[in-house]
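We number each residue from 1, following the sequence as shown.
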Amino acid sequence: MDFNDSLADGDVLQGNIKIIIVQILVMIFLCINLLLILTFFKKECFHTTARYILFAVTLLSDSLLLCMSDVLVIVVYYNITIPVWLCIIISVLVILCFTVTPVTLTVMTLERYVAICMPLRHGELCSTRRTMHCILIIHGLSSIPGIIIFSTFFASVSLSFYKQYHICAVEIFSIDIWQSHLRTAIYQIQFLIMCIIIVLSYVKILKVAKAASGENKKLTRKGLSTVVLHGFQLLLCLIQLWCPFIEVAILNFSLFKTIRYVNYIMFYLAPKCLSPLIYGLRDECFCNALKTYAFTGLYKKKCCSV
C-alpha cells in the first residue's frame, strides 16, 4: 500500500514539475513577445509599413494564444471542470488565434510578392489604410472554422448542456463523428490554400530574382528567403494541426500524456516565440530598434528603409 502511495506521489510530483516547466516557458515566451510588441509601438515608421503592422498582428495573436492555451493545459491536467458556456468563450479565442497567424503569414508573403514583383504599385496596394482593411479580412477568414464548428455544435445540443460542467477541450464540441471529420476537412482545405499561395509567390519571386541584377538581385534574394521563412512558419502551424490526430491515434497507450506534453512544448509553445523572434532579428531596421530598446532603452534617429 505504501509502495503504491509512493508511486502515486511520484507521478503527482513529476506532473507538477512538468506544469511548472510549462509556466516558466510561457512566461519567457510572453516576455520576448512583449519586448517585440513594445519595439513595434515605440518606432513611428513601423506604424505605417504593412509588413511591420502584419508582424505585430501575429505577435498579439500568438501572445493571446499562449495565455489561453496555458489556461487549458492547467484545466485539463488538474481535471478542473468549468461551465460549457465559459469553455465556449475560451475555445472561440483559441480557435481564432490559432488560425490568425498562418493566414497573416500568407498575407505577409503576398506583401513581399507585391514589393518585389510589382514595386511600382507597392505603395498603393500596401498602404496603411489597405493594411487595416486587410487585417479585418484576415480575422474574417480566420473566424470561418470557428463559425462552422460552433454552428454544428449549437445545432446538436440542448440549452441545458451549456449549464453543465466539463473539462474544457475542443473534443466536447464534436458530438458526432462527422463533426470531427468536418473540422479536420476545414483546416486541411484552409492550409492547402495557404500553402499553394506561398509556393506560387515563391515561384514568381524566383523568376524575378533570375532576371534581376545588382541591388535588385539582392532585394529579390532577401524576398525569397523571407517567403521561405513564412513557409517554414506555416509548416510549424501545419504540424500543430496534426498533433491532435497523433494524440488520438495513441490515446490508449501509456505514452499518451508524454507525447501530448512534448507536442505542446515543441509545436505550440516554441514556434509562438521562436518564429517571430527569428523574423524580427532578420529585419535590419527592426533588429536595430530591438537591440537599442533591449540594451539601452534609447532609439537611434535613423530612418527605416521600406
Side-chain angles (χ1 to χ4, degrees), residues 25-70 93 96-116 122-123 125-142 219 222-223 225-230 232-234 236-237 269-306:
L25 290 175
V26 167
M27 290 303 299
I28 292 173
F29 294 162
L30 282 177
C31 288
I32 293 175
N33 279 7
L34 180 61
L35 179 61
L36 295 172
I37 292 170
L38 289 176
T39 303
F40 167 79
F41 283 109
K42 195 72 177 180
K43 263 207 179 286
E44 182 82 27
C45 61
F46 293 157
H47 308 164
T48 57
T49 307
R51 67 176 182 271
Y52 295 127
I53 297 173
L54 295 173
F55 180 49
V57 170
T58 64
L59 290 174
L60 292 171
S61 175
D62 287 345
S63 298
L64 182 58
L65 182 59
L66 280 174
C67 294
M68 293 293 100
S69 63
D70 185 43
L93 291 174
L96 177 63
C97 294
F98 178 79
T99 315
V100 163
T101 295
V103 175
T104 306
L105 290 174
T106 306
V107 174
M108 291 172 74
T109 298
L110 291 175
E111 186 273 335
R112 288 294 84 197
Y113 166 77
V114 172
I116 294 170
H122 181 260
L125 296 176
C126 300
S127 63
T128 304
R129 182 182 179 86
R130 289 180 181 269
T131 303
M132 294 304 175
H133 293 164
C134 187
I135 291 174
L136 294 177
I137 295 174
I138 287 171
H139 284 78
L141 293 174
S142 301
L219 180 63
K222 187 176 180 180
S225 62
T226 301
V227 173
V228 171
L229 176 60
H230 290 166
F232 175 71
Q233 291 174 291
L234 191 61
L236 291 177
C237 295
L269 289 186
K272 295 305 176 188
C273 172
L274 296 181
S275 292
L277 183 60
I278 292 170
Y279 185 83
L281 293 177
R282 281 187 69 258
D283 188 281
E284 184 178 353
C285 182
F286 196 92
C287 182
N288 290 336
L290 180 62
K291 288 178 181 178
T292 306
Y293 182 80
F295 295 111
T296 67
L298 300 172
Y299 285 89
K300 297 177 182 179
K301 297 180 179 179
K302 183 181 179 180
C303 295
C304 295
S305 57
V306 179

All side-chain hydrogen bond (donor to acceptor under 3.5 Å, both in side chains) counterparts of Thr131, not counting sequence neighbours: none

Pairing residues for Ser63 by the side-chain hydrogen bond (donor to acceptor under 3.5 Å, both in side chains) criterion, not counting sequence neighbours: Asn33

Residue pair Cys126 / Glu111: nearest heavy atoms and the distance that separates them: SG-CG, 3.8 Å

Interatomic distance, Leu36 atom CG to Ile32 atom CD1 [nearest 0.5 angstrom]: 7.5 Å

Any donor-acceptor pair under 3.5 Å from Ser127 side chain to Gly123 backbone: no

Rounded distance [0.5 Å steps], OH in Tyr113 versus CG in Leu125: 10.5 Å

Closest contact, heavy atoms only, Lys43 versus Ala289: CE-CB, 3.8 Å

Any residue meeting ring pair (Phe, Tyr, Trp, His ring centres under 6.0 Å) with Phe286, in chain and number order, not counting sequence neighbours: Phe46, Phe55

Contact summary for Val114 and His122, nearest pair of heavy atoms: CG1-CA, 3.8 Å

Interatomic distance, Thr101 atom OG1 to Asp62 atom CG [nearest 0.5 angstrom]: 3.5 Å

Residue pair Ser69 / Phe98, side-chain heavy-atom distance below 4.5 Å: no

Side chain proximity check, Thr104 to Ser61, heavy atoms < 4.5 angstrom: no

Atom pair CG (Leu96) and CG (Leu65), whose distance is rounded to the nearest 0.5 Å: 10.0 Å

Euclidean distance, Phe41 CZ relative to His47 NE2, rounded to 0.5 Å: 6.5 Å

Nearest-0.5 Å distance, CD1 of residue Ile37 to NZ of residue Lys42: 15.0 Å

Given Thr99, Leu54, Thr106, Thr58, the one that forms side-chain contact (heavy atoms from CB on, under 4.5 Å) with Ile138: Leu54

